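Written below as structure tokens is the structure these notes are about.
Counting starts at 1 for both ligands and their atoms, following the listed order. These numbers were taken from a predicted model, which means no experiment stands behind them.
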Amino acid sequence: MAAERCAAGPRDDAGSRGDAGADPTGDPGAGTGAEPAPPQSAGAEEVMARRRKGRAGAVRCGPAAAGWAMWRRGAAWAWGRRGAGTAVPGTAVPGPSAGAPLSAAAHKHLIKKDAGKRIICIEGNIASGKTTCLDYFAQTTSIEVLKEPLAKWRNVRGHNILGLMYQDASRWGITLQTYVQLTMLEQHTRPMISPIRMMERSIHSAKHVFVENLYRSGKMPEVDYAVLSEWFDWIQNNTDVSVDLIVYLQTSPKVCYERLKTRCREEEKVIPLEYLEAIHELYEEWLIKRALFEVSCPVLVIGADHDMQKMVEKYEENRDQILNPANRQRCL
Ligand SMILES: Nc1ncnc2c1ncn2[C@@H]1O[C@H](COP(=O)(O)OP(=O)(O)O)[C@@H](O)[C@H]1O
Ligand SMILES: Cc1cn([C@H]2C[C@H](O)[C@@H](COP(=O)(O)O)O2)c(=O)[nH]c1=O
């Protein structure tokens with residue numbers, strides 16, 4: 001299935017991110033016209049008995065997320081060899097390392113050195129409005145903003161591994177996700193210069209959403225998934241990648257698809273709606289249904305299908321809950 005072309009010429013945002021500032025030069029992946037193979041996901045529900053920490057509800061703002069479990073409509077295209085419906089990776093899913101206590105992240109949360117400082121991650125689907133949200137809050141003096149290191153993913157020593165992944169996820173998925181994990185670790189452990197840090201996504205969503213999607217769709221072999229999982233577990237158990245609050249910008253995949261086309265990032269021109277539906281479903285499983293992976297911090301859900309003006313109103317309505325933990329309505 002081919003994705004729709006961008007409505008206008010490329011409006012690449014490589015320079016708009018707050019990271020290394022590299023251009024996507026040496027881009028062997030983007031715009032070559034090769035058949036796209038973006039990774040899709042199948043549904044899942046298990047393994048969680050070991051990992052689930054609780055089903056305490058998220059702090060929910062704005063319209064409910066109802067009706068978005070429709071990604072299964074695109075199943076024929078979306079499901080890879082690891083199958084559909086309840087036929088999840090199942091017993092084949094490598095679990096956490098033996099001896100890695102499941103509550104390790106929560107424990108480290110308690111002993112975090114910079115106890116007075118807070119880390120807030122803005123999570124959401126591709127083109128859900130995370131960067132726009134961060135740009136808005138960057139105007140607040142007490143907040144430092146760390147955007148995704150997208151420029152690095154587009155140029156690691158001249159290689160655009162984001163573009164490569166979108167051209168051939170089976171071949172390059174492990175390469176991209178290994179580097180995403182490294183660069184996200186670097187973001188989490190970078191010294192803070194302000195009382196509050198707002199990050200775009202996290203090492204957690206990279207693993208629980210994007211790696212998971214590659215694996216479930218059959219585009220990442222189990223051995224690669226196992227190695228990445230071992231790395232992830234080690235990082236969780238030996239470094240401080242804890243987060244104080246997740247703000248989940250909850251969008252419908254169709255809205256993201258429209259915004260994605262407007263933004264028109266070169267590598268992402270091959271993305272079909274079904275891919276955004278698969279990513280959406282994993283976000284919902286992780287942050288709303290709590291169906292697979294532990295969430296060890298509060299989650300604030302903000303409906304984000306609205307226009308910019310309405311979104312700014314919502315950010316202001318929620319500013320206190322986001323920035324001041326004492327005023328938060330509910331914590332997990
Ligand atoms: N509320 C909104 N309404 C309409 N367009 C939006 C909204 N928020 C962001 N956009 C636009 O959608 C595209 C994706 O937004 P962006 O903030 O880059 O998303 P993300 O960082 O989550 O991928 C951009 O072109 C942006 O200008
Ligand atoms: C974290 C992460 C991201 N990606 C891809 C998904 C998008 O194409 C870009 C990020 O852009 P966004 O507008 O901020 O969503 O990177 C990925 O493939 N794997 C990941 O782990």
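For the atom pair Leu245 CG and Leu323 CG, the distance stands at 9.0 Å (nearest 0.5 Å). Between the CD1 atom in Ile235 and the CG atom in Asp233 there is a gap of 9.5 Å [rounded to 0.5 Å]. Between the CG atom in Asn125 and the OH atom in Tyr257 there is a gap of 13.0 Å [rounded to 0.5 Å].
Remark: ligand 2 atoms within the under-4.0 Å shell around heavy atoms of Glu200 are 14 (O). Atom numbering of ligand 2 starts at 1 in the shown order; those under 4.0 Å from a heavy atom of Val180 are 21 (O). Heavy-atom proximity to Ser128, at under 4.0 Å, picks out these atoms of ligand 1: 19 (O), 20 (P), 22 (O). Near Glu268, the atoms of ligand 2 lying under 4.0 angstrom from a non-hydrogen atom of the residue are 7 (C), 8 (O), 9 (C), 11 (O). Every atom of ligand 2 is numbered from 1 in the order shown, and the set under 4.0 Å from a heavy atom of Lys130 is 12 (P), 14 (O), 15 (O). Contact atoms of ligand 2 toward Met165: 18 (O) (distance under 4.0 Å to a heavy atom of the residue). Within ligand 1, the atoms closer than 4.0 Å to a non-hydrogen atom of Glu200 are 21 (O), numbered from 1 in the order shown.
Residue contacts with ligand 2, taken as heavy atom pairs separated by less than 4.0 Å, involve Leu176 solely via side-chain atoms from C-beta onward. When non-hydrogen atoms are compared, ligand 1 lies under 4.0 Å from the backbone of His306 (N, CA, C, O) but not from its side chain. Contact annotation for Arg265 and ligand 2: only side-chain heavy atoms (C-beta onward) come within less than 4.0 Å of the ligand. Only side-chain heavy atoms of Leu162 come within less than 4.0 Å of ligand 2; its backbone N, CA, C and O stay farther off. Only backbone heavy atoms of Asp307 (N, CA, C or O) come within less than 4.0 Å of ligand 1; its side chain stays farther off. In Ile126, the parts holding a heavy atom less than 4.0 Å from any atom of ligand 2 are both the side chain and the backbone.
Remark: the Trp153 side chain and the Thr183 side chain contain an N/O donor-acceptor pair separated by less than 3.5 Å. Between the side chains of Lys207 and Ser229, at least one donor N or O lies within less than 3.5 Å of an accepting N or O.
In the candidate list Met311, Met308, Lys261, Arg265, Met308 is nearest to atom 8 (N) of ligand 1, counting heavy atoms.
The shortest heavy-atom distance from Gly124 to ligand 1 is not under 4.0 Å. Between Glu148 and ligand 1 there is no heavy-atom distance shorter than 4.0 Å. Residue contacts with ligand 2 leave out Gln181, since none of its heavy atoms falls under 4.0 Å from the ligand.
Remark: Arg216 does not engage Glu281 in a salt bridge, criterion side-chain N to carboxylate O under 4.0 Å.
Judged purely by atom type and a 3.5 angstrom limit, His188 uses its side chain to pair as donor or acceptor with the backbone of Ile203. A donor-acceptor pair under 3.5 Å links the side-chain atoms of Arg201 to the main chain of Gly124, judged by distance alone.
When the options Gln187, Lys130, Lys147 are evaluated for a side-chain contact (heavy atoms from CB on, under 4.5 Å) with Met199, the one that passes is Gln187.
With sequence neighbours excluded, the residues that form a side-chain contact (heavy atoms from CB on, under 4.5 Å) with Thr189 are Leu185.
Below 3.5 Å of separation, one finds an N or O of Tyr166 facing an N or O of ligand 2. Some N or O of Lys130 is nearer than 3.5 Å to an N or O of ligand 1, by distance alone. For a threshold of 3.5 Å applied to N or O pairs, the pair formed by Arg263 and ligand 2 contains at least one separation below that value. Close N/O approach between Glu148 and ligand 2 is found [any backbone or side-chain N/O within under 3.5 Å]. Residue contacts with ligand 1: Gly129 is placed with a nitrogen or oxygen under 3.5 Å of a nitrogen or oxygen of the ligand (distance criterion only).
Between Trp286 and Tyr283, the two ring planes are tilted [angle within 30° to 60°].
Hydrophobic clustering keeps Val255 apart from Ile279 (ILVMFWY residues linked when any side-chain heavy atoms are closer than 4.5 Å, directly or through intermediates).
Note on residues 136-146: pairs passing salt bridge (charged side-chain N to carboxylate O under 4.0 Å, His left out), not counting sequence neighbours, are Glu144-Arg197.
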